[in-house]
Amino acid sequence: MSTTDQSQKSLHNDLANLSLKDSNRPNGSNNTQDGAAAPKARPKGKYIPPYLRGKPTFASQTSDDSLVDDPAESPNFPPRAANYSQTRDKSFPASRPDNLDPNYRGAGPRDNFPQSRFNSQNDNPAFNRNTTWSGRNDTRFNRPQRNNFLGMWAKGKHFPGQRNPKYEFTLFGPPDGVEHTGINFDKYDDIPVEASGPNVPPPITNFEDASLNSLLAENISLSGFLTPTPVQKWSIPICSAQRDLMACAQTGSGKTGGFLFPILNFAFDIGPPDDRENENVPGISLRQKIAMPIALILSPTRELATQIYDEARKYCYRSWVRPCVVYGGADINQQIIGAKRGCDLLVATPGRLVDMIQRGVISLKYIQFLVLDEADRMLDMGFEPQIRRIVEQEDMPGVHLRQTLMFSATFPKNIQILARDFLKEYVFLSVGRVGSTSENITQKIEYVEEEDKFSALIDILNSQPDQGLTLIFVETKKMADILHSHLISQSFQCCSIHGGRTQSEREYALESFKNGRAPVMVATAVAARGLDIPNVTHVINFDLPSDIDDYVHRIGRTGRAGNVGIATSFFNRGNRNIVRGLVGILKDANQEIPSWLNIVLRESYDFGYSKTAPRGRGRGGYGGGSSRDYRENTKGAKFNHRSKSTANVRSGADQYGNRGSNPGANSSYGYGGAPPMYGPDSGSSWF
DNA sequence: GACTGGT
């Protein structure tokens, strides 16, 4: 950046500060009239950190770089766009300067806070040995300046932590919220939503309707969300009515918020279970502690787990709820310490979670919310035994004692039937894409023989514009590596992600893809689902998946909410098995269907491929027809859960097969020359 | 049949 740029920028900032802070200023020091001619008029000694410049509230309060002691004093609090009326929690102190609770440790006046632990006030929970509060022995509470944003629950009340501008910056990014999910809010009204099931609660239209906890509402607005997305409009009231939910919605349509908001709303208002015993023992050591989360979110990949956790951290800000994430491939001891320090909302991948449960670090006995993200993947043949083990064979409360929420972009019928085991009378929700598929994603199918794929790919990469990210999907880890090195040799800035790489390699690759250092990424199925990567303009299916739902998830990495995207797929004889589903999706999305593809389609009827085409596609619905409530087509069993008709439906499940352990044996470990580590049966020897 | 997922 040139020096002129810089000086212009600081001029701009100064002017912004001047005009905004004008009324606060002592007389004469900065008069706008003179000020215009004096660009260097920033008051000396007052350093304003870059991310706060031009922001009236914090800038004026933190101009000496000290923390805001009492944000409630600020007339403009909260400083960012917040159109919530704080109706519900009348005692919430931060917004009510006149109503400060003397026990409130966070934003309350410092004078009321005991100076030493020997001067204990009996009514201050933090220093009364007889009272119990979650995290009582958590030493983080004893460092008032560094972690003063941590809230707590004590004596049946929620005591939010202080606001902390620096931490807010790391959590929420720049205050203008440049870095939002890229969702085009204007398009939201067009989105079709279907809800089915008995007594579906009506949707809300804005966050005020949901009467959210005021702290949660603030965190949501800090994150830059002003109106609920279509999924959220429905899922928030459904979850708040304590109903189970099966929701079909594109990731990036606000799914994560769709379950985090109602869960946290509940948690903020109700607090932790009073009898989480290990927290009530005075002087218990970290070593003896057991993490007892109230909410568990399961994810099929590590990257998705991290992504959900990062979201959760935002909404948990200043609250008593400690989010926590646990996944494989990373140091387990760090994760154990993290979980023991505080774990109220746990995001996890299945394998590592089971490990932690076996080690006695985590107990699921207080789970009140179970969320399966990408639920169709979680319940298909590879994952189902693990999920079943976690949900049914550990100490998790039964289906009637917890609330279960499932989210995915696709819900094939056989998975819906499987999912009944984990749900009680549930609502089925189907939300269309943000903007229709036809507008957002241009789907091209090209006939490319196996041996021509490399050169076809190079041609495509060379002919496309430079800006934007390109995601290339392949079927195998081996092919991912081959293609990766091939592209490198052709001097493309390229990275690759697949399950055979170490976790740090995976994270590094994803990071450099996101920030554009390597605008081309080769990926296996690990990146197909849920990952929210802004600016992916092109998805290339170098190999088409054999399951059409995977296709839907893959192309969903582009054209995210409001942006346009292209999806190119290489098709050849080997892909005949998905031709029906593919044509169905292209039709649904009003895409051009190449004439040769129609010929292949007809062949597929002649040769009986239709049998293998999964789950009869081609009807309406969003993203291929896997998004309908199967109960609507089940005569006599409609919405009649766990009744005698259950037996019929369940025996029907057998005809779909696909249940039980992974028949793939040692396949996934065979790659890379290393012998399977856990015996020849490793595919199913997990448990 | 490969992909995901614990040491």
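Every chain is numbered from 1 and lettered A, B, ... according to where its sequence line falls, protein lines coming before strand lines.
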Once you round it to whole Å, what is the distance between P of B/dA2 and CG of A/Asn575? 15 Å
Looking at B/dG6, B/dG1, B/dG5, which one has an atom nearest to any side-chain atom of A/Glu475? B/dG1
Can you name the residues that form a side chain to side chain contact (heavy atoms under 4.5 Å, CB included) with A/Ala480, not counting sequence neighbours? A/Val474, A/His498, A/Val522, A/Thr524
Could you tell me the separation between the CG atom of A/Asp547 and the C1' atom of B/dT4, rounded to a whole number of Å? 14 Å
Quick one: list whatever passes salt bridge (charged side-chain N to carboxylate O under 4.0 Å, His left out) with A/Lys453, sequence neighbours left out. A/Glu450, A/Asp543
When you measure from the side-chain N and O atoms of A/Thr301 to the phosphate of B/dG5, is any distance below 4.0 Å, counting only OP1 and OP2? no
Contact class for A/Arg359 (heavy atom, under 4.0 Å): base, sugar-phosphate, or nothing? nothing
Would you say A/Tyr447 has more than 12 foreign heavy atoms packed within less than 6.0 Å of its OH? yes
Just how far, in rounded Å, is P of B/dG1 from NE2 of A/His498? 22 Å
Is there a side-chain contact between A/Lys477 and the phosphate of B/dT4, meaning an N or O under 4.0 Å from OP1 or OP2? yes
Using a distance-only criterion (donor-acceptor N/O pair, under 3.5 Å, no hydrogens), is the base of B/dG5 paired with the side chain of A/Thr349? no
Given atom CD1 of A/Ile390 and atom C1' of B/dG6, what is their separation to the nearest angstrom? 11 Å
Whether A/Arg302 contacts B/dG5 is assessed here as follows: a side-chain N or O lying under 4.0 Å from the phosphate OP1 or OP2. Is that the case? yes
Winner on side-chain proximity to A/Phe383, out of B/dG6, B/dT4, B/dA2, is B/dT4
Nearest-nucleotide pick for A/Thr524, side chain only, options being B/dC3, B/dG1, B/dG6: B/dC3
Looking at A/Arg506, does any N or O in its side chain come under 4.0 Å of the phosphate oxygens OP1/OP2 on B/dG5? yes
Taking CG from A/Asp550 and P from B/dT4, how many angstroms apart are they, rounded to a whole number? 12 Å
Can you tell me how far C1' of B/dT4 sits from CD of A/Gln503, to the nearest Å? 12 Å
Can you tell me how far C1' of B/dC3 sits from CG of A/Leu544, to the nearest Å? 15 Å
Quickly work out the A/Tyr327 OH to B/dG5 P distance and round it to whole Å. 12 Å
For A/Lys514, is the NZ atom crowded, meaning more than 12 foreign heavy atoms sit under 6.0 Å from it? yes
Considering only heavy atoms from C-beta outward, does the side chain of A/Gln503 approach that of A/Glu303 to under 4.5 Å? yes
What nucleotide among B/dT4, B/dA2, B/dG1 has an atom nearest to a side-chain atom of A/Ser546? B/dG1
